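Down below is the structure, laid out as structure tokens.
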Amino acid sequence: LLLCEERVSSGRLHIGPYKLEKLPRRRIPYLRRKMGVVFQDFRLLERKTVFENIAFALEVINVPKEKIRKRVREVMNLVGLDDKGNSFPQELSGGQQQRVAIARAIANKPKILIADEPTGNLDPQKSDEIMTLLEKINREEKTTVLMVTHDITLVNKHRKRTIALEAGHIVADMNEGGYIKHD
């Protein structure tokens, strides 16, 4: 719903000035430019280097080349991939590939980062590193991070605001975080 891949069928949903239930299709690309998205399966461009994968997100919105180079270096530093700019995705570990996907998603300094099961394909240690990175992005980039996960261990360890959904309905909203158990 937030990306307008599905349309609001009832009720209201707003992101800043955008009223998603009324947003014309032609305005959706402008909304999406204010968001970054990270998927479980990375979705990297296999024939592009790490640098080119990240730069691509800025090229498609016509950012000048010198600004692209500067911002790509900034986000590569932020995600800890300074030395991987010339590497191709197949040369990277799963954790590194996810870091590239995150760097690409935040390259345009989005207000919101949607992370859809970003740790689903990673081992527990790498999952924890990705969570720490998302917390850093929230803090340093001032980006709201909205993450979907079924990983109880991560939810309980990191203790961020947790909203639990069941069958499309909110069943819990806890500011202190943590996973809930109920009947």
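Since we're looking at a predicted model, the values are computed, not measured. When reading the values below, keep in mind they use all heavy atoms of this one structure, side chains included, and skip hydrogens, waters and symmetry mates.
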Checklist line | Over all atoms of both residues, closest heavy-atom pair of Pro89 and Asn53 | finding: CG-ND2, 3.9 Å
Check: With sequence neighbours left out, what residues match Gln125 under side chain to side chain contact (heavy atoms under 4.5 Å, CB included)?
Finding: Asp123, Glu129
Check: Among all residues two or more places apart in sequence or in another chain, which pass the side chain to side chain contact (heavy atoms under 4.5 Å, CB included) test with Arg26?
Finding: Pro24
Checklist line | From CG (Asp128) to CG (Leu122), nearest 0.5 Å | finding: 11.5 Å
Check: Quick one: NZ on Lys70 to CD on Glu74, what's the gap to the nearest 0.5 Å?
Finding: 4.5 Å
Checklist line | Remaining members of the apolar cluster that contains Leu165, side-chain heavy atoms under 4.5 Å | finding: Ile163, Ile170
Margin query: Quick one, Met174 with Arg161, criterion side chain to side chain contact (heavy atoms under 4.5 Å, CB included). Give me CA distance, side-chain angles, the key distance, then yes/no.
Written below: CA-CA 6 Å; Met174 300 157 292; Arg161 181 178 178 192; over 6 Å; no
Checklist line | side chain to side chain donor-acceptor pair (under 3.5 Å) against Arg99, all qualifying residues, sequence neighbours excluded | finding: none
Next item on the list: Measure the spacing between CG of Leu13 and CG of Leu2 and express it to the nearest 0.5 Å.
Entry: 5.5 Å
Note to self: The criterion is side chain to side chain donor-acceptor pair (under 3.5 Å); which residues satisfy it with Asp82, sequence neighbours excluded?
What the structure shows: Asn77
Next item on the list: To the nearest 0.5 Å, tell me how far Ile28 CD1 sits from Cys4 SG.
Entry: 4.5 Å
Checklist line | Nearest-0.5 Å distance that lies between atom CZ in Phe56 and atom CG in Leu58 | finding: 11.0 Å
Note to self: For residues 7-23, which residue pairs pass the salt bridge (charged side-chain N to carboxylate O under 4.0 Å, His left out) check, not counting sequence neighbours?
What the structure shows: none
Margin query: Would you say Val148 ends up clustered with Ile152 if hydrophobic residues are merged whenever their side chains have heavy atoms under 4.5 Å apart, either directly or through other cluster members?
Written below: no
Checklist line | Those residues that, when tested against Asp116, pass side chain to side chain donor-acceptor pair (under 3.5 Å) (two or more places apart) | finding: none
Notebook entry, point to check: Residues in side chain to side chain contact (heavy atoms under 4.5 Å, CB included) with Lys67, at least two apart?
Noted result: Val63, Pro64
Check: Does Phe88 have any side chain to side chain contact (heavy atoms under 4.5 Å, CB included) partners at least two apart in sequence or in another chain, and if so, which?
Finding: Thr49, Gln90, Glu91
Name each donor-acceptor pair under 3.5 Å that joins a side chain in residues 133-146 to protein atoms two or more places apart or in another chain, with its distance.
residue : atom : partner : partner atom : Å
Glu135  : OE2  : His158  : ND1          : 2.9
Lys136  : NZ   : Leu78   : O            : 3.3
Asn138  : ND2  : Thr143  : O            : 2.9
Glu141  : OE1  : Arg71   : NH2          : 2.6
Lys142  : NZ   : Arg139  : O            : 3.1
Thr143  : OG1  : Pro110  : O            : 3.2

Margin query: Working note: Leu1 + Leu20, criterion side chain to side chain contact (heavy atoms under 4.5 Å, CB included); need CA distance, chi angles, decisive distance, verdict.
Written below: CA-CA 8 Å; Leu1 288 174; Leu20 303 190; 5.8 Å; no
Item checked: Closest contact, heavy atoms only, Ala105 versus Leu113 -> CB-CD1, 3.6 Å
I'd like a table of donor-acceptor pairs (distance under 3.5 Å, sequence neighbours excluded) in which one partner is a side-chain atom from residues 29-47, with atom names and distances.
residue : atom : partner : partner atom : Å
Arg32   : NE   : Leu3    : O            : 2.8
Arg32   : NH2  : Leu3    : O            : 2.7
Gln40   : NE2  : Asn121  : OD1          : 3.2
Asp41   : OD1  : Arg43   : NE           : 3.2

Notebook entry, point to check: Do side-chain atoms of Thr149 reach the backbone of Met147 as a donor and acceptor pair under 3.5 angstrom?
Noted result: no
Notebook entry, point to check: Who passes side chain to side chain donor-acceptor pair (under 3.5 Å) against Gln97, sequence neighbours left out?
Noted result: none
